[in-house]
Amino acid sequence: MSSATPDDAAPDQRLHPWSWLFVLLMQLRQFLLPLVALVVFGNRGDRDEMWSYLAAVIVIAVLVAISILQYLTYHYRIGRDGISLRSGVVSRNRREIPFARIHNVVVHQNPLHRLFGVAELRLESAGGHRPEAEMRVLKLSQALALEQLVRQRGQALAAPAQASEAAAAPDDEVLLRLRAADVVRIGLLSNRGWVAVVAALGAMFQFFPRGAVSEAIENGGRQAFGYASHLHTAAWVWALLAALAVIGFWLLLRVLSVALALLRYHGFQLSEHERRLTVVSGLLTRLRSSVARRRIQAWTLRESALHRWAGRRQLRIDIAAGVAVENQRRDLRELAPLATPQACDALVQHLLPQLQWPPPRWQPVQQRGWWRLCLGALLWLPLVAAAAVWNGHAWGALALLWLPWSALRAHRQMARMGYYLDDQYVAVRGGWWQRWWRFAELDKLQSLRLSRSPLDRWLGTASVWLDTAGATGSIALCLRYLPEAEARAVHAQLGHALAQRRLHW
């Protein structure tokens, strides 16, 4: 990479000589189940076993040839203003990627990459469903040098004001670093263990014969209950055993959650260099992702009841880049996976010094109509309970016990709802048991919409929906349940601001 200079006359370069091997492994992973099925089921009957093995060898040979051809025909060149890619065996493709259009740079290293000293580089831009370029694979030094080049060239093409601010900024300023205890705390406060449990159950049903898992569970349960019926144990003993089983399962979930948190967040570090943020994390698979600060579109703070008990909070961002491909994670979506509320607020104030965060005063939402948040439970729970009792299941009436909790939660959620709006940004907050705050600069808003449902028209309310590039997640940037006159005034104020401001994304 050192021989490559950002000049239009720079020579074409190739990927690492072992890149075809990593492409082959990726293709074999996709064809693994068909190949296993071909070998296993192709040997049944009166057929010669050699044909199934020969067919599998031919398929593998074809995949090897395709991988080598992809390596031989993939070239990239670093120009003055961007990167040029040429690829294709039969259909030749050429792609020009300007540095100014690259929003996110991801350097990915799994254990095999680390063994060979290589890395996969992904260049992502706004609005795409796939990365603009996926370089499998480069030497680690080449990948890091190319990431640094994208930083420098992208910054040089940015606004002069931003470039002048970046020139005065310190190099590689560490904004947040998670210790091992913090990563363990992430696992203890999350429910990531359910991911492993569900994945294990799915694998069992996938790889074992149909009905074998359910039959084994049924037979095991029948034998256990049959053995227990001969013990004549007191009821309190069974209650104690059941409680111990629940506690044991809960501890198992905590252990799995901690293990998954260590795999993902080990060595987490958020740093800043020339107005560009970089996150590095991962135990086995190391992921290095960077994005320019100006690409951040929206901000979200979240905390659960456990987070509040531990005095912690989470800070996430939305960036104007393509969606994840093949469930690839985006570490840069989380600027602070877990930090104190003061640390999260300080991080926001550092990255957005022009904003006043937290807001000095939240504009509350009227409490009238709080019951609309639990309207679903009020409608279907009595029907479910009545149907259960009608069919002879008296315990079905216990479902009605959920109604007081649902009403309390709806009332408290409406009490916490609020918004803040000034000349720089708009913010909303909500939730009670699970609390959240979401905000965006007015320069990042793409569109707004005034919405009124039939229930809104009856109650005289309206909601203002806002949209930013790269908006993700379950929390929308929406000012809900405002009085109609207030909603129309907010809509007009935001519409005037959007018309006067230039979109920055």
Side-chain angles (χ1 to χ4, degrees), residues 1-32 60-79 82-97 99 102 104-125 130-154 267 278-290 322 324-326 328-332:
M1 186 67 199
S2 59
S3 62
T5 59
D7 187 81
D8 292 336
D12 287 352
Q13 301 186 56
R14 286 184 176 177
L15 302 177
H16 192 275
W18 286 108
S19 63
W20 67 270
L21 176 61
F22 290 89
V23 174
L24 174 63
L25 292 176
M26 182 192 67
Q27 294 177 339
L28 286 176
R29 185 178 61 182
Q30 297 175 351
F31 286 91
L32 180 60
I60 295 175
V62 171
L63 294 179
V64 171
I66 292 175
S67 303
I68 295 176
L69 285 175
Q70 287 185 5
Y71 162 71
L72 294 176
T73 58
Y74 192 101
H75 300 82
Y76 70 95
R77 182 174 61 188
I78 302 173
I83 300 176
S84 177
L85 304 175
R86 291 192 295 112
S87 63
V89 179
V90 178
S91 178
R92 303 290 292 171
N93 302 310
R94 177 166 180 165
R95 186 167 230 176
E96 303 289 340
I97 308 174
F99 288 119
I102 299 175
N104 194 20
V105 182
V106 180
V107 180
H108 177 267
Q109 268 195 306
N110 61 29
L112 189 60
H113 289 141
R114 298 169 71 178
L115 179 63
F116 281 83
V118 297
E120 176 184 335
L121 186 73
R122 297 197 298 268
L123 306 178
E124 301 170 344
S125 64
R130 296 184 59 84
E132 289 292 332
E134 292 181 275
M135 296 184 179
R136 300 189 180 99
V137 290
L138 298 170
K139 289 180 61 175
L140 179 60
S141 58
Q142 285 182 308
L144 295 178
L146 184 54
E147 179 201 27
Q148 181 66 22
L149 180 61
V150 170
R151 284 185 181 184
Q152 296 173 353
R153 300 302 297 168
T278 300
V279 163
V280 182
S281 68
L283 180 60
L284 299 179
T285 298
R286 297 289 289 176
L287 204 66
R288 179 185 178 93
S289 184
S290 66
V325 179
E326 297 179 357
Q328 295 168 349
R329 71 176 194 259
R330 291 280 186 80
D331 287 48
L332 206 56

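Reckoned from all heavy atoms, side chains included, excluding hydrogens, waters and symmetry mates.
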Between CG of Leu69 and CH2 of Trp20, what distance do you get to the nearest 0.5 Å? 12.0 Å

Can you tell me how far apart NZ (Lys139) and CG (Leu144) are? Round to the nearest 0.5 Å. 11.5 Å

Determine whether Tyr76 and Ile97 satisfy the following criterion, side chain to side chain contact (heavy atoms under 4.5 Å, CB included), listing intermediate values before the conclusion. CA-CA 11 Å; Tyr76 70 95; Ile97 308 174; over 6 Å; no

How far apart are the C-alpha atoms of His75 and Leu15, what are their side-chain angles, what is the distance that settles it, and do they pass the side chain to side chain contact (heavy atoms under 4.5 Å, CB included) test? CA-CA 7 Å; His75 300 82; Leu15 302 177; over 6 Å; no

Backbone N or O of Leu284 within a donor-acceptor pair of the Arg114 side chain at under 3.5 Å? yes

Which atom of Gln109 lies closest to which atom of Val118, heavy atoms considered: NE2-O, 2.9 Å

Straight-line distance of Leu63 CG to Met26 CE, nearest 0.5 Å: 10.0 Å

Please find the pair of heavy atoms, one from Asn104 and one from Ser289, that lie closest to each other, and give the distance. OD1-OG, 3.1 Å

Kindly give the heavy-atom pair with the smallest separation between Arg14 and Tyr71, and that separation in Å. CD-OH, 4.3 Å

Hey, what do you get for CD (Glu120) to NE2 (His16), rounding to the nearest 0.5 Å? 14.5 Å

Side chain to side chain, Leu24 and Ile66, heavy atoms closer than 4.5 Å: no

Rounded to the nearest 0.5 Å, what's the gap from OG on Ser84 to CZ on Arg94? Could you check? 3.5 Å

Check step by step if side chain to side chain contact (heavy atoms under 4.5 Å, CB included) holds for Val280 and Thr278. CA-CA 7 Å; Val280 182; Thr278 300; 4.2 Å; yes

With a 4.5 Å heavy-atom cut-off, do Val105 and Leu146 have their side chains touching? no

What do the steps show when you test Ser87 against Gln70 for side chain to side chain contact (heavy atoms under 4.5 Å, CB included), and what is the final call? CA-CA 7 Å; Ser87 63; Gln70 287 185 5; over 6 Å; no

Tightest non-hydrogen contact, residues His108 and His113, listed as O-ND1, 3.7 Å

Report yes if the side chains of Leu21 and Val137 come closer than 4.5 Å at any heavy-atom pair, otherwise no. no

Does any non-hydrogen side-chain atom of Arg86 lie less than 4.5 Å from one of Arg77? no

Distance-only, no hydrogens or angles: does the Arg286 side chain make a donor-acceptor pair with backbone N or O of Gly282 under 3.5 Å? yes

What pair of heavy atoms forms the shortest contact from Arg122 to Leu287, and how long is it? NH2-CD1, 4.5 Å

Please round to the nearest 0.5 Å and tell me the distance separating atom CZ of Phe22 and atom CZ of Phe116. 5.5 Å

Does the side chain of Leu85 reach to within under 4.5 Å of the side chain of Ile83, using non-hydrogen atoms? yes

